[in-house]
**Q** 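Take this structure first; my questions come after.
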Amino acid sequence: MQLTSIKKISFIQLAVLFAASRLFSEAMNFPLTTVQYGMQRFTVILTAYAILFVQYIPLICLSAKYPGKSAVGIIIDKNKVLGWVYAILLTVSVLIASISSMCRMKFYASSTIFGQAPEYLLIILPLVACAFAVWKGIQATARSGVIFAAVFVGFLILISISTWDMFNTKWLYPNLIDRKDAFWGEVAEQIGSNSEIIYFSVLAEHVSEKSQRTVYWYVPAVMFILELMYLLEILLLGPFVGSANFPFFTVSALSNIVLFQRLDGIDVAVWTLMCIVKISLAMLCVRTAFDRLIGKKAGIIAALACIVITAAVSMAFGGSSDFVIAVTAILTCGIPMLTCGVLFPLIALIMAKIGSNKKNKGAKANV
């Protein structure tokens, strides 16, 4: 049976997919111990994304200098053993990200408006959609992701309009950051939540041209939207932002316009769609890496196996907030991101440069 091939997409489509993926993580990331809500949160987001852009530099250089290639592709082509190491670490990283995402989505849905729904349905249905997306390839995922992003933008506009008269600007008073370690802890957590840098190290090869521009669009766009989302939260909830498990859901529940009594139902639908995008991207990374290592059939089988593992773990432990926090903390510590999104791309850049220099010397010797 013919497997659907992974086709090329534009850098704007990939940037939209990454934005959807990252915004989901932020909306589902109920407060961890290091998060101190206040006006300093705006500075935390700005600082984190400035640092994050710097961490993308190896991938930007790689994409600009070697169009149509990815870090994982270059390493596998140059050294199979190192390629296997990268692929395994990559698989573990994106699998943890997928389990974290699915558990958070399940915990979120069951603790908001789907408390009476069968738990297995909250997990199985989104993952079936993810499996179909992985089977069809990144082009189909990109088309769906653009639609989902449009729904999110409309949702954000609806919330802003419907809650306008509830805004309380007295919460926007400047406050000093008393503990520098708390501030930098929040910055580190914000940076470490970006699995998208790992995805870019693999999926850049599926961009038709100028894949480095993905970063130029994605990083500022997400930073701006996160600032806007937090502005809405602080204007409506003030100091109660820190006591809400899902602040943005609470904001949507306050809405009251002619078409909708409340927007919290749409909120759940939007984040379910975003969850599908995030997990699909993770599984497409697995498919791409193993496609290169051992063939297309192995790639799709590996991705589907990871979806099955995600489903099993999420059904077993997704109801435990302690488990969700523990798994999420593995990501926010930053080790998976720095290893697969910064270190290995830097190695790939060096390997590609050495290979290019050898070719140039060989060509000169033959003249």
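Quantities reported herein were computed from a predicted structural model and do not represent experimental measurements.
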**Q** Taking ring-ring contact (aromatic ring centres under 6.0 Å, His included) as the test, write out the residues that go with Tyr56, two or more places apart.
**A** none
**Q** How long is the gap from NZ on Lys296 to CG on Asp291, to the nearest 0.5 Å?
**A** 7.0 Å
**Q** Could you pull out all residues at least two apart from Phe148 that satisfy ring-ring contact (aromatic ring centres under 6.0 Å, His included)?
**A** none
**Q** Just by distance, do the side chain of Ser21 and the backbone of Leu17 share a donor-acceptor pair under 3.5 Å?
**A** no
**Q** With Val187, which residues qualify under side-chain contact (heavy atoms from CB on, under 4.5 Å), at least two apart?
**A** Val44, Thr47, Ala48, Ile51, Phe183, Trp184, Ile191
**Q** Kindly compute the distance separating OH (Tyr230) from CD1 (Ile45), expressed to the nearest 0.5 Å.
**A** 8.0 Å
**Q** When you group the ILVMFWY residues by side-chain heavy-atom contacts below 4.5 Å and let the links chain together, are Leu203 and Phe11 in the same group?
**A** yes
**Q** With ILVMFWY side chains joined below 4.5 Å, transitively, what does Val54's cluster contain besides itself?
**A** Ile57
**Q** Sequence neighbours left out, what passes side-chain contact (heavy atoms from CB on, under 4.5 Å) with Val151? Give chain and number order.
**A** Val270
**Q** Which residues satisfy the salt bridge (charged side-chain N to carboxylate O under 4.0 Å, His left out) test with Arg292, sequence neighbours excluded?
**A** Asp77, Glu205
**Q** Counting distance only, does the side-chain N/O of Asn79 pair as donor-acceptor with the main-chain N or O of Leu82 below 3.5 Å?
**A** yes
**Q** Would you list the atom pairs, donor with acceptor, under 3.5 Å between side chains in residues 334-343 and any protein atom, with sequence neighbours excluded?
**A**
from	atom 1	to	atom 2	distance (Å)
Thr339	OG1	Ile335	O	2.8

**Q** Main chain of Gln13, side chain of Ser10: is a donor-acceptor contact present, judged purely on distance under 3.5 Å?
**A** yes
**Q** Under the rule for ring-ring contact (aromatic ring centres under 6.0 Å, His included), what residues qualify as partners of Phe167, not counting sequence neighbours?
**A** Trp164
**Q** Residues two or more places apart in sequence or in another chain: which of them pass side-chain contact (heavy atoms from CB on, under 4.5 Å) with Ala188?
**A** none
**Q** Which pairs with one or both residues in residues 275-286 pass salt bridge (charged side-chain N to carboxylate O under 4.0 Å, His left out), sequence neighbours excluded?
**A** Glu196-Lys278
**Q** Is the NZ atom of Lys210 crowded by more than 12 outside heavy atoms at less than 6.0 Å?
**A** no
**Q** Indicate yes or no for a side-chain donor-acceptor contact from Arg104 to the backbone of Ser25 under 3.5 Å, with no hydrogens or angles considered.
**A** yes
**Q** My understanding is that only residues two or more places apart in sequence, or in another chain, count here; which of them pass side-chain contact (heavy atoms from CB on, under 4.5 Å) with Ala71?
**A** Leu59, Leu62, Tyr86, Ser201, Pro345, Ala348
**Q** Identify every side-chain donor-acceptor pair in residues 89-96 under 3.5 Å, counting partners at least two apart or on other chains, and give the distances.
**A**
from	atom 1	to	atom 2	distance (Å)
Thr91	OG1	Ala87	O	2.7
Ser93	OG	Leu89	O	2.9

